[in-house]
Amino acid sequence: MFHSFLIYCLLVTIVFAQFSPTNETVVHHDGRLWDVVIETCDKDGAGTDAASYLKVFYESGHDSETFHLDNPGRNDFEQGSRDHFKIFFKQSDIVNMGLFWWPGFSLSQSWCVNWILLLNSDTEACFEGIFEKWILHYRDPPTYATRFHRLRYADCVRPGPSNADRRTYLRYDDIVRNSGGTVDDKHDDDD
């Protein structure tokens with residue numbers, strides 16, 4: 001009888017413990033989910049096993065965010081490979097990006113990156129950072145993109161060669177994006 005009473009008390013404790021407040025923090029993302037695609041150079045020693053990071057800079061409040069780039073269970077950033085990540089950005093007014101890596105316990109810690117694409121299908125936004133250089137391990141400042149562009153979303157799926165014509169990034173280009181032209185386009189009335 002006493003054992004039955006103890007088992008009953010234990011079960012009641014377990015049930016009530018499920019509804020008691022905990023110290024766990026629930027993370028809510030107020031931003032949007034972005035696709036991040038990074039192409040590692042196809043040069044000897046270009047891949048890395050070091051911890052790699054992306055730093056995104058925003059126009060609003062001169063703010064920035066840093067993201068650890070890692071797909072668990074996968075060997076990221078191999079020579080000549082393209083790696084894909086899904087990341088929540090808290091803002092969409094991106095003005096630049098940078099990369100850095102942090103030393104680990106591996107022999108392959110150098111890293112060369114060709115380009116990065118940031119894509120958001122909800123807002124049809126796409127940014128391209130052309131690096132074509134070796135990434136330094138400094139956290140602040142990171143290695144910045146040599147060229148940073150906003151692309152049409154349709155052109156973002158397959159980036160052109162580095163010497164292709166690109167629209168220069170404009171801070172207030174909503175009118176341009178919605179019209180499908182450029183700032184210098186003049187609309188002539190047809191007779």
Side-chain angles (χ1 to χ4, degrees), residues 21-40 48-77 81-104 111-159 166-180 182-183:
T22 64
N23 292 334
E24 294 179 16
T25 304
V26 177
V27 177
H28 295 284
H29 297 285
D30 294 331
R32 294 186 182 273
L33 183 64
W34 286 71
D35 291 290
V36 177
V37 181
I38 301 176
E39 183 179 81
T40 301
T48 188
D49 292 326
S52 303
Y53 296 87
L54 168 68
K55 189 167 186 178
V56 178
F57 298 90
Y58 303 111
E59 183 175 9
S60 297
H62 302 286
D63 202 4
S64 66
E65 282 185 288
T66 302
F67 303 95
H68 180 216
L69 301 170
D70 184 38
N71 286 317
R74 185 159 182 249
N75 195 0
D76 299 315
F77 309 119
S81 69
R82 290 184 184 171
D83 295 288
H84 177 246
F85 305 90
K86 293 211 176 263
I87 301 175
F88 276 96
F89 291 176
K90 63 182 176 183
Q91 298 179 36
S92 59
D93 58 340
I94 301 167
V95 293
N96 205 352
M97 67 178 90
L99 292 169
F100 66 94
W101 56 268
W102 202 250
W111 187 26
C112 179
V113 172
N114 282 333
W115 50 259
I116 296 181
L117 291 177
L118 308 177
L119 302 98
N120 182 269
S121 59
D122 293 340
T123 60
E124 293 191 356
C126 176
F127 295 96
E128 175 188 51
I130 303 288
F131 284 82
E132 294 180 332
K133 60 184 168 183
W134 293 90
I135 306 304
L136 302 176
H137 71 275
Y138 305 117
R139 180 175 184 183
D140 205 10
T143 304
Y144 295 104
T146 305
R147 288 173 294 174
F148 182 75
H149 309 279
R150 182 171 189 150
L151 300 177
R152 291 183 316 160
Y153 187 75
D155 293 338
C156 205
V157 177
R158 174 83 173 150
R166 287 177 168 77
R167 184 173 68 171
T168 304
Y169 176 73
L170 302 172
R171 291 184 184 189
Y172 303 103
D173 62 343
D174 289 338
I175 296 170
V176 174
R177 186 175 64 236
N178 292 335
S179 69
T182 63
V183 174

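The structure presented is a predicted model; accordingly, all values stated were derived computationally and were not measured. The first residue of the sequence shown is numbered 1, and numbering continues consecutively from there.
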Which atom pair, heavy atoms only, marks the closest approach of [X] to [Y]?
X	Y	answer
Ala51	His68	CB-NE2, 3.8 Å
Ala125	Arg150	CB-NH2, 3.7 Å
Gly129	Met97	N-CE, 3.7 Å
Leu99	Pro142	O-CB, 3.5 Å
Glu59	Val95	CB-CG1, 3.7 Å
Asn71	His84	ND2-O, 3.0 Å

Within the side chain of Thr146, is there an N or O that forms a donor-acceptor pair under 3.5 Å with the backbone of Phe131?
yes
Heavy-atom distance under 4.5 Å between the side chains of [X] and [Y], does that happen here?
X	Y	answer
Glu65	Phe88	no
Ile135	Thr48	no
Trp111	Ile38	yes
Ile116	Glu128	no
Asp76	Leu69	no

Find the distance between [atom1] ([X]) and [atom2] ([Y]) and round it off to the nearest 0.5 Å.
X	Y	atom1	atom2	value
His62	Ser64	NE2	OG	11.5 Å
Asp63	Tyr58	CG	OH	7.5 Å
Ser52	Phe100	OG	CZ	9.5 Å
Asp35	Leu118	CG	CG	9.5 Å
Leu117	Leu151	CG	CG	7.0 Å
Asp49	Asn75	CG	CG	5.5 Å

More than 12 heavy atoms from other groups under 6.0 Å of CH2 on Trp134
yes
Ring pair (Phe, Tyr, Trp, His ring centres under 6.0 Å) partner of Phe85, the single match among Phe67, Phe77, Trp34
Phe77
Pick from Asn120, Leu33, Val36: which one makes a side-chain contact (heavy atoms from CB on, under 4.5 Å) with Phe89?
Val36
Can you say whether the rings of Tyr144 and Phe57 are parallel (under 30°), tilted (30 to 60°) or perpendicular (over 60°)?
tilted
